[in-house]
Each structure stands twice: as C-alpha cells, then as structure tokens.
Amino acid sequence: MTAAGELKRRLVLDAPVDIDDGAGGVTTTYESVTTLWAQVTPVGTSPDVSADSLGATQRYDIIIRQRDDVTTRHRFQDGGRIYRVLAVQESADRRFLEIAAEERVD
C-alpha cells in the first residue's frame with residue numbers, strides 16, 4: 001500500500017496532440033498537462049533493438065494520486081527522462097493510479 005508521503009518525485013504529465021501533416025496523415029506531439037508528485041520504482045532492464053539502433057528498455061512502476069485522464073497514450077517527463085505509459089490501473093483502495101512505464105535508453 002502506498003502512502004501519500006512516498007510520492008517524492010515531480011513528474012510532468014504530457015498528453016498527445018495529433019496535428020494534420022498536410023499529406024493525409026498526422027504527426028503526434030505532446031503538450032504538458034500538469035506537474036504532479038509520483039513514486040518511481042525501477043523494475044528491470046531488457047535489451048531492445050529499435051530502428052536498427054541497439055539500446056535498452058528500462059521498466060518502471062509509477063504511482064500517482066488518482067486521476068481520470070491518464071491513458072496509454074500519455075507520457076511522463078522527469079527532467080530529460082521520458083517514461084512511456086504501458087498500462088494504468090487503480091490501486092485497491094482507489095486512491096492512487098499504478099502505472100507500468102518504460103524509458104528507452106540508447
């Protein structure tokens with residue numbers, strides 16, 4: 001069980017914004033929604049090849065206070081780090097959101 005006092009990291013929540021690219025498609029950018037307190041816990045690392053670039057994916061568990069607007073299309077920023085949201089679920093007591101996230105490391 002998480003206590004509010006364990007939320008010690010400040011993260012920026014970014015929401016996706018789709019912009020018409022003029023050629024029939026869209027380009028996704030991100031817009032900051034809010035800054036919030038979170039608990040960020042590393043879970044593990046795995047090797048990853050993306051676009052022929054060797055790197056790794058670091059997995060994290062992120063816990064924030066309950067919100068209704070966080071989906072797998074969102075991301076979090078922590079300084080220069082970007083955490084992509086993989087899954088979101090409410091905690092058992094419905095006071096927090098438990099988020100599985102990943103950071104790509106090249």
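The structure presented is a predicted model; accordingly, all values stated were derived computationally and were not measured.
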Answer with yes or no whether the hydrophobic clustering places [X] together with [Y]; edges join I, L, V, M, F, W, Y residues whose side-chain heavy atoms lie under 4.5 Å apart.
{"X": "V17", "Y": "V33", "result": "no"}
{"X": "V70", "Y": "L36", "result": "yes"}
{"X": "V85", "Y": "V12", "result": "no"}

Rounded to the nearest 0.5 Å, how far does [atom2] of [Y] lie from [atom1] of [X]?
{"X": "E90", "Y": "D68", "atom1": "CD", "atom2": "CG", "answer": "8.0 Å"}
{"X": "T34", "Y": "R67", "atom1": "OG1", "atom2": "CZ", "answer": "5.5 Å"}
{"X": "H74", "Y": "L13", "atom1": "NE2", "atom2": "CG", "answer": "5.0 Å"}

Subject >> F76/I64 under side-chain contact (heavy atoms from CB on, under 4.5 Å): CA gap, chis, key distance, verdict >> reply: CA-CA 11 Å; F76 291 96; I64 62 172; 4.2 Å; yes
Taking the side chain as C-beta and beyond, is there a heavy-atom pair between [X] and [Y] under 4.5 Å?
{"X": "L7", "Y": "I63", "value": "yes"}
{"X": "E103", "Y": "T57", "value": "no"}
{"X": "P42", "Y": "R59", "value": "no"}
{"X": "I99", "Y": "Y83", "value": "no"}
{"X": "L86", "Y": "R84", "value": "yes"}
{"X": "D18", "Y": "R73", "value": "yes"}
{"X": "R81", "Y": "Y60", "value": "yes"}

Subject >> Closest approach of I62 to A38 (non-hydrogen atoms, all atoms of both residues) >> reply: CG2-CB, 4.1 Å
Original post:
Is a side-chain N or O of Q58 found less than 3.5 angstrom from the main chain of G44, in a donor-acceptor match?
Top reply: yes
Original post:
Do we get R10 above W37's six-membered ring, with its NZ or CZ under 6.0 Å from the centre and within 45° of the axis?
Top reply: yes
Subject >> R65 vs L97, side-chain contact (heavy atoms from CB on, under 4.5 Å): CA-CA, chis, key distance, verdict >> reply: CA-CA 6 Å; R65 290 185 189 273; L97 283 183; over 6 Å; no
